[in-house]
2 protein chains.
Amino acid sequence: MSSLIQIGELSERAGVSHRTIHYYERLGLVQPAEREGAGYRYYDDTALKRLEKIAALKRLGLNLDEIAAVLPLYFADATGIKGKEKVVEILKVQLAKAETQLHELTAFKRDLEGNIARMEELIAQAQRG
Amino acid sequence: MSSLIQIGELSERAGVSHRTIHYYERLGLVQPAEREGAGYRYYDDTALKRLEKIAALKRLGLNLDEIAAVLPLYFADATGIKGKEKVVEILKVQLAKAETQLHELTAFKRDLEGNIARMEELIAQAQRG
DNA sequence: CCTAAACCTGACGTTGGGTGTAGATTTAGA
DNA sequence: TCTAAATCTACACCCAACGTCAGGTTTAGG
């Protein structure tokens, strides 16, 4: 069996606090594989993967509600998913957002590069002159 | 002279509340062109452009502090900018972030497309069978 | 068996990014 | 000139996403 870890180790590996993990649990984003006797949480390796995915989606600007909506797709087996049309709808909204963001981000990157070049030119001029 | 507008019109054109404009003013993100007598704010068209730029940068995931740091670049004339090395530093940090985000976003988009295709295939199967 | 380290829950605090509201003032138009 | 609409300031409040603190329980190692 793949070994179970406690919240402390999970927290450390995932780079988030244990309180954050508790919080995510309340939102339904991660669940311990088991909680025996006194209530200690024991996690398997999918928990770590979920936390990493959550972090990645957060970096893309999704909030925790949106993440809750798309996260199952990465972990549920497709055959068991209910309401597939609804899921597709959500995905398409996210896709449209992603495409817009891609364009804006590309433009922003160009801006930044232009500004950097301009600044460096000015600095060089100042140093020469 | 290009006509000045009041906060109500600016608010409407920019698609943000006047309270938000007040808030941004406190953070130094926008300033009225003038405030005569009793304190009414009158804005020129650069204010609208600033608000639009702020919105665009927000969509890219910058927070208001980061926006405050890069916003001057879009409006100040380059010859007047102090501390150019510092500015370049900030820009390079933003550029690195933008590049990372571009990669992640591209991957996310691929994921979404894959998931959508998979879902639609499942739906089609269900309808056939 | 005992104790330190890890964990638990629940309540309250904090930060960022705003929104709501009240009461007073000002302005524009009939 | 008068009034309705717009604006002003200041303080309070909201939500998301956590963090802190307190007090109690559990577990692992010597």
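In what follows, chains carry the letters A, B, and so on, assigned in the order in which the sequence lines appear, proteins first and then strands, with residues in each chain numbered from 1.
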Q) Hey, is the side chain of Arg26(A) pairing donor to acceptor with the base of dG10(C) inside 3.5 Å? A) no
Q | Nearest-nucleotide comparison on DNA chain C, the residue closer to the 5′ end among Gly39(B) and Leu62(B) | A | Leu62(B)
**Q.** Ile21(A) CD1 to dA17(D) C1', straight-line distance once rounded to whole Å
**A.** 15 Å
(Q) Can you measure Ile54(A) atom CD1 to dC18(D) atom C1' for me and round it to whole angstrom units? (A) 14 Å
Q: Assign each of Leu64(A) and Gly8(B) to its nearest nucleotide of DNA chain D by heavy atoms, then name whichever residue's nucleotide is nearer the 5' end.
A: Gly8(B)
(Q) Within the 4.0 Å heavy-atom criterion, would you say Asn63(B) contacts the bases, only the backbone, or no part of the nucleic acid? (A) sugar-phosphate
Q) Side-chain N or O of Thr20(A) less than 4.0 angstrom from OP1 or OP2 on dG19(D)? A) yes
**Q.** Note: Glu52(A)-Arg13(A) ion pair, threshold 4.0 Å (strictly below)
**A.** no
Q | Heavy atoms of other groups near Glu12(B) CD, more than 12 under 6.0 Å | A | no
Q) Would one find more than 12 heavy atoms of other residues, nucleotides or ligands at under 6.0 Å from atom CD of Glu34(B)? A) yes
Q: Establish whether the base of dT20(D) is bridged to the side chain of Arg19(A) by a donor-acceptor pair shorter than 3.5 Å.
A: yes
(Q) Side chain of Arg41(B) only, heavy atoms from C-beta on: which candidate in dT9(C), dC8(D), dG18(C) is closest? (A) dC8(D)
Q: Assign His18(A) to base, sugar-phosphate, or nothing according to its heavy-atom contacts below 4.0 angstrom with the strands shown.
A: nothing
Q: Report the distance from atom OH of Tyr40(A) to atom C1' of dC7(C), rounded to the nearest whole Å.
A: 3 Å
Q) Is there a donor in the side chain of Asp111(A) and an acceptor in the side chain of Tyr74(B), or the other way round, less than 3.5 Å apart? A) yes
(Q) For Lys58(B) and Gln6(B), find the nucleotide of DNA chain C closest to each by heavy atoms; which residue's nucleotide sits nearer the 5' end? (A) Lys58(B)
Q) Taking CG from Leu10(B) and C1' from dC8(D), how many angstroms apart are they, rounded to a whole number? A) 16 Å
Q: Measure the distance from OH on Tyr23(B) to P on dT15(C) and round it to the nearest whole Å.
A: 13 Å
Q | Separation of atom CD in Glu34(B) from atom P in dC8(D), rounded to whole Å | A | 13 Å
Q. Could you give the CG-to-P distance, from Leu57(B) to dG17(C), as a whole number of Å?
A. 13 Å
Q | Heavy-atom donor-acceptor pair, Glu66(B) side chain to Asn63(B) backbone, under 3.5 Å | A | yes
Q: Measure the distance from CD1 on Ile7(A) to C1' on dA6(C) and round it to the nearest whole Å.
A: 11 Å
